[in-house]
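Here the structure comes first, spelled out in structure tokens, and everything after it is commentary.
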Amino acid sequence: MEQRHLGRTGLRVTRLGLGTLNWARDTDEQEAADQLKAFWEAGGTLVDTADIYADGGAEYLLGRLTEVLVPRADLVIATKAGSVLEADRRVDCSRRHLLAALDASLERLGTDYVDLWQLHAFDPHTPLEETLAALDLAVSSGRARYVGVSDFSGWQLAKAGTWQLAAPGVRNRLASTQMEYSLLQRGVEREVLPAALDLGIGLLPSSPLGRGVLTAKYRHGTPADSRGGSEHMAPFVAPYLDETAGRVVDAVATAADGLAVTPLQVALSWVRDRPGVTAPILGARTAQQLGAALSVEALSLPDEIRRALDDVSAPVHHYPDQDWSTL
């Protein structure tokens with residue numbers, strides 16, 4: 001599998017990553033093992049998790065599998081901290097919480113370090129310099145090799161990225177930002193992606209298949225065995241089942257027919273090769289689904305198809321995003 005640098009750093013990762021959101025919840029240990037083995041055998045390296053996935057279960061499962069199935073040294077392990085499941089607080093990026101969370105993640109993962117440690121969200125109640133200092137301490141102590149963020153808005157990313165660059169040799173540049181990005185969700189193109197490109201921060205798209213909708217499986221109804229057919233995941237899929245999304249999915253399916261490939265391959269290839277993207281994160285439910293996604297490695301979309309998909313999925317840009325004369 002082809003590799004790319006993660007942002008403006010020396011870290012190289014495969015241009016597709018494996019997500020573990022469903023591990024230890026909807027995906028059991030055997031299925032997770034099958035996914036990780038298939039990903040590794042295909043040449044994949046980047047595996048993304050978080051301390052709150054299955055309340056730590058996903059990290060623990062990944063740690064077990066790196067002990068018995070895939071060598072730790074062959075993987076670029078990325079995890080996140082900062083999200084909390086408390087009634088009165090959803091984000092805690094205080095130094096106290098972050099460093100304790102990192103130690104707990106390392107214990108569950110069974111490793112001395114993570115390759116990429118990410119803030120899971122922006123914390124408006126903690127001074128940003130305190131939060132970012134915790135990232136620097138994680139690197140200087142050897143517990144993290146690189147650092148990044150997730151779900152930061154454009155101004156938040158620009159502020160954090162600029163702060164880290166203001167003291168070279170003391171602070172560590174942000175390597176990545178993880179955000180939802182697909183043909184059905186191009187909001188990051190307004191401000192997040194321009195900020196990332198300017199600051200040399202690599203984008204790791206989550207939900208690159210529009211929460212599964214871009215596979216075209218929902219064109220004629222909701223399959224019972226799909227995320228949209230499950231009680232706890234149906235609200236996650238529902239926003240992308242409207243008429244506007246349907247037009248995009250139809251265009252993807254038409255392109256797939258013309259290329260003799262699948263809609264999944266078309267949609268994933270589109271986002272993988274967007275400017276600023278390092279590696280979409282694949283959140284497959286089964287090893288079979290993952291294998292279908294990994295088959296996109298050999299596909300590059302023709303320019304005319306890419307432009308057609310750009311047009312049909314184009315987000316609306318008005319003042320002040322693009323043309324200041326258009327209100």
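Just the heavy atoms: all of them, side chains too, but no hydrogens, waters or symmetry mates, feed the values below. Residue indices begin at 1 and follow the sequence shown.
Judged purely by atom type and a 3.5 angstrom limit, Glu130 uses its side chain to pair as donor or acceptor with the backbone of Arg95. Within the 3.5 Å criterion, the main-chain N or O of Ala238 finds no donor-acceptor partner in the side chain of Arg211. Side-chain atoms of Gln35 come within 3.5 Å of backbone N or O of Ala284 as a donor-acceptor pair. The closest donor-acceptor contact from the side chain of Ser141 to the backbone of Ala138 lies under 3.5 Å. A donor-acceptor distance shorter than 3.5 angstrom exists from the side chain of Thr131 to the backbone of Cys93, with no hydrogens or angles considered. A donor-acceptor pair under 3.5 Å links the side-chain atoms of Arg190 to the main chain of Val316, judged by distance alone. Although no hydrogens or angles enter the test, the distance criterion places a donor-acceptor pair under 3.5 Å between the side chain of Lys80 and the main chain of Thr49. Judged by distance alone, with hydrogens and angles left aside, the side-chain atoms of Gln185 form no donor-acceptor pair with the main-chain N or O of Gly210 at under 3.5 Å.
Contact between Leu137 and Ser140 at its shortest, heavy atoms only, is O-OG, 3.1 Å. For the residue pair Trp155 and Glu191, the shortest heavy atom distance occurs at N-OE1, 4.5 Å. A pairwise comparison of heavy atoms in Asp51 and Ala101 identifies OD2-CB, 3.7 Å as the closest pair. A pairwise comparison of heavy atoms in Trp40 and Leu69 identifies CZ3-O, 4.3 Å as the closest pair. Closest heavy-atom contact between Ala293 and Leu264: CA-CD2, 3.5 Å. Here the shortest heavy-atom pairing between Leu214 and Pro263 reads O-CB, 3.6 Å.
Within the 4.5 Å cutoff, side-chain heavy atoms of Leu259 are placed close to those of Pro302. Looking at Ser207 and Phe236, their side chains come closer than 4.5 Å, going by heavy atoms from C-beta outward. Side chains of Val91 and His125 form no contact here, defined as non-hydrogen atoms less than 4.5 Å apart. In this structure, the side chains of Leu119 and Phe152 come closer than 4.5 Å at one or more pairs of heavy atoms. Residues Arg285 and Asp26 are not in side-chain contact: their nearest non-hydrogen atoms beyond the backbone lie 4.5 Å or more apart. Using a 4.5 Å cut-off on side-chain heavy atoms (C-beta onward), Arg171 and Leu132 make no contact. Counting only heavy atoms from C-beta outward, the side chains of Pro280 and Leu16 approach each other to under 4.5 Å.
Taking the side-chain contact (heavy atoms from CB on, under 4.5 Å) definition, one finds that Arg306 meets it with Trp270, Asp273, Leu301, Asp310, sequence neighbours left out. Shown here are the salt bridge (charged side-chain N to carboxylate O under 4.0 Å, His left out) partners of Asp257, two or more places apart in sequence or in another chain: there are none. Under the side-chain contact (heavy atoms from CB on, under 4.5 Å) criterion, Asp55 pairs with no residue at all, not counting sequence neighbours.
By the 6.0 Å contact criterion, OH on Tyr60 is open, its count of non-hydrogen atoms from other residues, nucleotides or ligands being 12 or less. Sparse packing is recorded around CZ of Arg90, with 12 or fewer heavy atoms of other residues, nucleotides or ligands lying under 6.0 Å away. Remark: Asp311 CG is packed, more than 12 non-hydrogen atoms of other residues, nucleotides or ligands lying under 6.0 Å away. A 6.0 Å sphere centred on CZ of Arg64 holds no more than 12 heavy atoms belonging to other residues, nucleotides or ligands.
Cluster note: Ile281 groups with Leu6, Leu11, Val13, Leu46, Val76, Leu116, Tyr146, Leu204 through ILVMFWY side-chain heavy atoms spaced under 4.5 Å, whether in direct contact or through intervening members. Hydrophobic cluster membership for Val84: none, as no Ile, Leu, Val, Met, Phe, Trp or Tyr side chain comes under 4.5 Å of it.
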For this session: Before giving the answer on side-chain hydrogen bond (donor to acceptor under 3.5 Å, both in side chains), spell out for Glu59 and Thr79 the whole-Å C-alpha distance, their side-chain angles and the decisive distance to 0.1 Å.
Result: CA-CA 8 Å; Glu59 287 183 330; Thr79 194; 2.6 Å; yes
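Exactly one of Val252, Asp242, Leu241, Leu183 qualifies for a side chain to side chain contact (heavy atoms under 4.5 Å, CB included) with Val213. That residue is Leu241. Here the options are Val271, Thr177, Thr278, the test is side chain to side chain contact (heavy atoms under 4.5 Å, CB included), and the partner is Leu203; only Thr177 passes. The only option from Arg145, Arg72, Arg12, Arg143 that meets the salt bridge (charged side-chain N to carboxylate O under 4.0 Å, His left out) definition with Asp115 turns out to be Arg72.
Going from atom CD of Glu297 over to atom CE of Met1 covers 5.5 Å, rounded to the nearest 0.5 Å. Here the straight-line distance linking atom CG of Leu75 with atom CG of Leu36 works out to 6.0 Å at 0.5 Å rounding. Distance check: Thr27 OG1 to Leu61 CG gives 9.0 Å after rounding to the nearest 0.5 Å. With values rounded to the nearest 0.5 angstrom, Thr20 atom OG1 is found 10.5 Å from Leu65 atom CG. With rounding to the nearest 0.5 angstrom, the OG atom of Ser150 is 6.5 Å from the CD atom of Gln118. The CG atom of Leu174 sits 12.0 Å away from atom CZ of Arg8, with the distance rounded to the nearest 0.5 Å.
Pairs of residues two or more places apart, or lying in two chains, that qualify as side chain to side chain donor-acceptor pair (under 3.5 Å) and include a residue from residues 258-267 are Thr262-Gln265, Gln265-Ser295.
Using a 4.0 Å cut-off between charged side-chain N and carboxylate O, Glu189 and Arg186 make a salt bridge.
Side chains of Ser206 and Gln178: no donor on one and acceptor on the other come within 3.5 Å. In summary, the side chains of Asp136 and Gln164 do present a donor paired with an acceptor at a separation below 3.5 Å, with no hydrogens or angles considered. Side-chain contact check for Asp92 and Ser94: at least one donor-acceptor pair (N or O, by modelled atom type) lies under 3.5 Å.
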